[in-house]
Amino acid sequence: MEVIKSENIRNICITGHGGSGKTTFAEGILFASGVINRFGKVEEGNTVSDYHKDEVEKQLSINSSLLNTFWKGSDGSMKKLNIIDTPGFMDFIGEVKAGLRVSDTAIIMVDAFKGIEVGTESSFMMTNEYENNVIFLVNKLDTENADFDHTASLIKDSFGSRVAVVQFPVNQGTNFDAVVDVIRMKLLRFTNDGKGEYTEEDIPPALMDKAKEYHQKFVEVVAEEDEELLSKFFEEGANLTDEEIDFGLKKGMRERKLFPVFCISSGKNIGTRDVLDFISNYTESPMDKPAEIGHSPNSEEPIEIIPKADGEPVMFIFKTVSEKNIGELSFFRVYSGKVKAGMDMINEANGKTERLSQMYSMNGKERKEMNEVVCGDIAAVVKLKDSHTNNTLSSKNYAVVLPEINFPKPNMSLAIHAKNKGDDDKIASALHSLHEEDPTFLVEFNPETAQTIISGQGEIHLNTILNRMKSKYNFEVNVTNPKIPYRETIRSKVDSVEYKHKKQSGGRGQFGHVLIKIEPVERGKGFEFVNAIVGGVVPGRFIPAVEKGLLETMNSGVLIGNKVIDVKVTLFDGSYHNVDSDEISFKIAASQAFKKGFKDANPVILEPVYNVEVVFPEEFMGSVSGDISSRRGRIQGMDVFGKLQKITCQIPLSEMNDYSTKLRSITQGRGYYDRNFSHYEDVPKEVEVKIIAEYESQKGQE
Ligand SMILES: Nc1nc2c(ncn2[C@@H]2O[C@H](COP(=O)(O)OP(=O)(O)OP(=O)(O)O)[C@@H](O)[C@H]2O)c(=O)[nH]1
Ligand SMILES: [Mg+2]
């Protein structure tokens with residue numbers, strides 16, 4: 001097998017709004033380059049990329065897939081293209097981040113009719129984070145309402161003046177079959193058989209003016225990349241040579257200043273080959289990239305990890321999948337040196353040694369064994385024991401940690417219960433595997449509410465995970481909204497409350513008698529106990545039992561079964577019986593006295609309140625702020641960032657269950673939010689009545 005050279009690798013991540021045609025484009029690439037001989041369709045569930053059961057059923061991408069193929073560059077060398085096809089739906093944004101993290105170039109797919117959508121904006125924003133080169137593809141130019149000029153101008157409006165149109169369509173709409181390449185000034189005519197082959201023709205006179213205009217604009221943008229080119233072009237009025245254009249174009253892309261725009265129909269595979277030519281000739285190889293800035297496992301001191309083909313081996317795991325017949329597959333990119341089957345690597349996150357067994361190049365679910373993976377290449381390895389997404393594995397001579405993928409925080413949670421009680425443990429282990437596969441899916445046990453809480457990016461994300469749980473592990477579960485960790489406290493004091501616990505039933509009886517004072521203390525003080533007994537009216541040996549009785553009652557709550565906080569109890573009087581008194585009797589007496597006193601001390605329910613920041617396009621101001629008010633939210637501030645509005649507010653946790661879904665629906669998917677716990681606060685009386693009634697009715701049912 002021919003050894004791949006690092007400089008001939010191109011790592012491409014396809015991103016963009018849901019349904020813009022990414023998977024179809026990826027399929028077209030494989031078809032055009034001869035990897036497959038049938039052009040699969042998303043609707044027919046037979047594409048290489050969308051091979052998971054849930055993807056076939058829903059006809060959209062849920063997971064990112066790794067594909068690879070070869071394409072000849074104009075210098076005659078074969079380039080290996082690693083292509084990561086990502087899902088466009090916002091709930092699966094973690095997959096996109098992981099894909100961009102290990103790719104050098106991002107393709108952002110734009111629908112020629114729908115224009116800039118939320119997924120277009122978020123894709124571009126993420127490429128900022130991972131410093132990818134960016135290419136825009138205006139897709140679906142074969143559809144009736146396609147409008148290239150308008151779409152290109154929207155791309156410019158949104159992403160800056162250095163957006164450079166390098167092609168425009170001929171016959172856009174249902175007869176779309178050709179584009180004018182304004183770099184080379186040629187017309188490319190494509191075959192209509194799905195293979196996407198093209199022939200070059202001269203630009204017809206009718207299109208010449210438009211071609212010249214676009215060419216001129218393109219050269220202007222390129223010239224701006226370099227002082228020398230700029231003065232040659234603008235001051236001397238001279239045209240740029242092909243070499244100068246190549247130079248400016250590559251420099252602009254590398255520095256993320258110039259973003260070329262292409263015309264395609266991925267459905268008809270028109271334009272695909274031309275884009276592949278461009279990728280092979282103009283985009284960066286892993287060897288052209290600047291060093292990654294990592295650090296050593298024990299310090300934050302930055303270390304430059306330079307892409308060197310003969311360097312010490314370093315690899316980074318960006319994705320983990322568990323497949324039925326082979327177990328865990330870890331997807332990785334090599335950032336230095338090369339890795340070989342049988343090699344020992346150290347996982348710098350836990351210091352453990354991992355032996356690399358079989359490694360594969362991937363095309364969806366198809367695997368082809370590889371003996372070595374060179375610097376810059378992307379592949380998968382099976383059966384790592386203790387390594388997960390975001391781990392760096394490096395040779396023992398070179399302990400480094402690469403920067404992690406910054407996965408988004410969850411914004412929706414559910415409580416999950418096994419339908420069959422005996423399944424609890426197995427479910428916990430299944431949930432753990434699901435988290436390994438998808439780091440944006442989190443699981444934790446809340447000891448206070450005794451619930452297992454799953455969290456993710458939204459309703460669709462959590463539903464997808466639950467379906468996977470059922471199909472893969474065959475577990476039936478119920479989900480509910482998570483319990484709110486309310487608190488109970490008092491607002492006034494009760495100077496004296498008495499309880500006498502006395503039981504006479506043949507033999508030895510029970511006797512405990514206490515008088516206590518209950519008063520509120522400052523928020524955060526918790527529980528304070530004062531023993532003010534004089535003269536041994538309650539003997540010293542029973543005092544710990546009194547305190548224990550109080551504590552247990554505080555923990556299990558008085559009004560609605562939630563923790564009582566910030567109360568001081570003084571035990572000041574009582575009595576005992578020589579024979580019948582014991583610890584349990586005093587515990588009961590203390591507990592009952594507390595319950596009685598608590599109810600008389602103006603008790604209140606406290607609820608957790610969160611600081612929330614909501615960011616959304618300004619046109620949705622009315623509905624977003626109205627919705628916040630309807631959730632008992634208090635707006636505290638508003639800021640403007642360009643066309644975006646930010647509201648800072650406080651909202652009680654109990655009002656936020658469906659917030660992520662609602663915010664998306666009222667902002668057409670373009671709003672997002674972040675929240676952090678702020679403080680506990682009194683629940684308004686009318687809400688308190690409801691909470692108590694709900695608690696009582698549940699208790700009645702149990
Ligand atoms: N007419 C036409 N339809 C297209 C084209 N490209 C994709 N489609 C259709 O658009 C729909 C979505 O295509 P996909 O390839 O699944 O889009 P995607 O971007 O991968 O979607 P997600 O993975 O859900 O984000 C499918 O029905 C495709 O057949 C195109 O160029 N022309
Ligand atoms: Mg897709």
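Throughout, residue positions are numbered sequentially from 1 according to the sequence presented. Order of appearance sets the numbers: ligands from 1, and atoms from 1 within every ligand.
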Candidate with minimal heavy-atom separation from atom 3 (N) of ligand 1, of Lys140, Glu44, Lys268: Lys140

With Phe218 via ring-ring contact (aromatic ring centres under 6.0 Å, His included) - residues at least two apart: none

Phe262 and Phe278 aromatic centres sub-6.0 Å: yes

Protein N, O or S atoms lying under 2.8 Å from the Mg ion (ligand 2), listed by chain and number: Thr23 OG1, Ser61 OG

Closest candidate by heavy atom, reference atom 26 (C) of ligand 1, pool Glu43, Lys22, Lys58: Glu43

Enumerated ligand 1 atoms positioned under 4.0 Å from heavy atoms of Ser20: 17 (O), 19 (O)

Side-chain ion pair, Lys646 and Glu613, N-O less than 4.0 Å: yes

Polar contact flag for Gly21 and ligand 1 (N/O pairs, less than 3.5 Å): yes

Ligand 1 atoms in contact with Val42 (distance to a heavy atom under 4.0 Å): 14 (P), 15 (O), 16 (O)

Residue Glu200 excluded, over 12 heavy atoms near CD under 6.0 Å: yes

Thr24 neighbourhood, listing ligand 1 atoms whose heavy-atom distance to it stays under 4.0 Å: 7 (C), 13 (O), 14 (P), 15 (O), 28 (C)

For ligand 1, the portion of Asn139 having any non-hydrogen atom under 4.0 Å away: side chain

Working for side chain to side chain contact (heavy atoms under 4.5 Å, CB included), residues Ile83 and Ile29: CA-CA 9 Å; Ile83 296 145; Ile29 293 177; 3.7 Å; yes

